[in-house]
Amino acid sequence: MQKVAPNFGNYNLNYNFSSLIQPKISKRVTLRWLLDRYSDVLWEPGSHKYNVLSFVGELDEILLGTTFTDFTDEMVDSLIAALRKRGNSNATINRKMAALSKLLRKAYRMGDIESLPEFKRQREKAGRIRFLDPDEEARLFARILEISDLYGRLCIFLVDTGARLGEGIGLRWQDIQGERVTFWLTKSGKSRSVPLTERAAAAIHASDRRKRGPFAGIAQPKFRAAWNEAKQTVGLGTDPDVVPHILRHTCASRLVQGGIDIRRVQTWLGHQTLQMTMRYAHLASSDLDICVPILERAARRKAG
């Protein structure tokens with residue numbers, strides 16, 4: 001129903017009362033629908049995106065494809081409870097909830113849902129940090145170099161820079177200035193620059209300059225297949241922690257064991273929080289050796 005107000009000079013005021021009282025109609029969505037809509041925007045192609053798709057797909061399956069306009073705290077609680085029943089650790093639950101949170105925040109900003117739940121990080125146990133000793137590295141790298149010189153040089157680059165696999169493959173020639181590289185495409189979204197060791201620099205400069213980057217063109221699935229073949233050959237096939245990410249752990253561990261302070265290690269690795277870097281702090285325990293003579297001198301004084 002429309003009503004035309006009286007004419008005041010040159011102005012006609014039109015009121016559409018029906019539009020004022022029309023109720024808002026909210027569409028109902030599913031996690032799968034949101035994932036199909038926004039996954040390409042939120043996550044770049046690669047192993048991380050593959051994991052995210054798997055995580056959110058599992059959560060949608062737990063919810064039995066439930067449609068919603070509000071994603072409530074109760075829904076989050078039910079997902080966490082279901083994941084615990086499936087044997088998921090708190091660390092795994094946190095990763096899945098982080099993917100869910102990122103997707104829901106995007107949906108909320110775009111007007112697809114009307115409210116957001118509260119996400120509380122689950123307390124994680126200090127996990128085992130596995131890193132390669134020099135002999136393991138030598139045997140593993142030698143076999144990978146036999147399979148592919150390019151793959152072997154990538155491994156050398158990763159272990160001496162602490163870069164993630166995707167960061168190494170994504171490196172471009174313009175990101176290399178002198179003996180320093182800058183990683184722009186990082187998990188945290190923040191760039192970082194690190195200097196190169198001699199062998200890391202050699203691993204880069206042996207690559208074909210006609211390609212976009214020193215390791216451009218490497219497909220992660222093929223590299224991981226070569227890695228698994230190599231670790232099986234050198235006797236590490238039964239260790240589930242010997243995955244390409246172990247090269248990042250190895251770099252961090254060597255820095256800490258070499259006496260580099262934890263803040264510098266955090267900057268080198270590009271960790272967002274110091275807590276993430278503190279996982280390696282126990283490796284600096286050799287610094288405690290200086291405490292022993294002090295305690296022994298005190299004991300001798302007391303005995304005398």
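The chain is numbered in sequence order, starting from 1.
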Fill in: Passing candidate, side-chain contact (heavy atoms from CB on, under 4.5 Å) with Ile262, options Leu255, Thr267, Val256
Val256
Worksheet entry | Salt bridge Arg254-Glu137, side-chain N to carboxylate O under 4.0 Å | yes
Worksheet entry | Flag for Asn90-Arg121: side-chain donor and acceptor within less than 3.5 Å | no
Worksheet item: Does Glu61 come within less than 4.0 Å of Arg32, counting only side-chain N to carboxylate O?
Response: no
Discussion item. Taking the basic N atoms (NZ, or NE/NH1/NH2) and the acidic carboxylate oxygens, is any pair closer than 4.0 Å for Arg95 and Glu58?
Written reply: no
Worksheet item: Quick one: is the NZ or CZ of Arg209 closer than 6.0 Å to the six-membered ring centre of Trp173, and within 45° of its axis?
Response: yes
Worksheet item: Would you call Lys49 and Asp40 a salt bridge, taking side-chain N to carboxylate O under 4.0 Å as the test?
Response: yes
Practice prompt. Decide, yes or no, whether a salt bridge links Asp208 with Arg210 under the criterion of side-chain N to carboxylate O below 4.0 Å.
Written response: yes
Worksheet item: Is it the case that Thr92 and Ser89 place a side-chain donor and acceptor less than 3.5 Å from each other?
Response: yes
Worksheet item: Can you find a side-chain donor-acceptor pair between Arg84 and Gln122 that sits under 3.5 Å?
Response: yes
Discussion item. What I want to check is whether the side chains of Arg105 and Ser101 have a donor and an acceptor closer together than 3.5 Å.
Written reply: yes
Worksheet item: Going through the checks in order, is the side chain to side chain donor-acceptor pair (under 3.5 Å) test met by Asp70 and Ser115?
Response: CA-CA 5 Å; Asp70 299 285; Ser115 65; 2.8 Å; yes
Worksheet entry | Salt-bridge criterion met for Asp112 and Arg37 (N-O under 4.0 Å) | yes
Worksheet item: Would Asp135 and Arg139 satisfy side-chain contact (heavy atoms from CB on, under 4.5 Å), going step by step from the backbone distance to the final call?
Response: CA-CA 6 Å; Asp135 177 66; Arg139 290 187 287 117; 3.0 Å; yes
Worksheet item: Ion pair present between Glu136 and Arg130, side-chain N to carboxylate O less than 4.0 angstrom?
Response: yes
Practice prompt. On the 0 to 90° scale, with breaks at 30° and 60°, tag the His271-Tyr280 ring pair as parallel, tilted or perpendicular.
Written response: parallel
Item to complete: Classify the ring geometry between Phe71 and Phe68 as parallel (under 30°), tilted (30 to 60°) or perpendicular (over 60°).
Response: perpendicular
Fill in: Leu158 versus Gly168, closest heavy-atom pair with distance
CD2-CA, 4.2 Å
Item to complete: For the residue pair Arg192 and Thr182, confirm or rule out a side-chain donor-acceptor distance under 3.5 Å.
Response: no
Worksheet item: More than 12 non-hydrogen atoms from neighbouring residues, nucleotides or ligands closer than 6.0 Å to CH2 on Trp33, yes or no?
Response: yes
Worksheet item: Taking everything shown except Arg264 itself, do over 12 heavy atoms lie less than 6.0 Å from its CZ?
Response: no
Worksheet item: Do Phe131 and Leu247 come close enough that some side-chain heavy atom pair is under 4.5 Å?
Response: no
Worksheet item: Which atoms form the tightest heavy-atom contact between Gly237 and Gln232, and what is the distance?
Response: CA-OE1, 3.5 Å
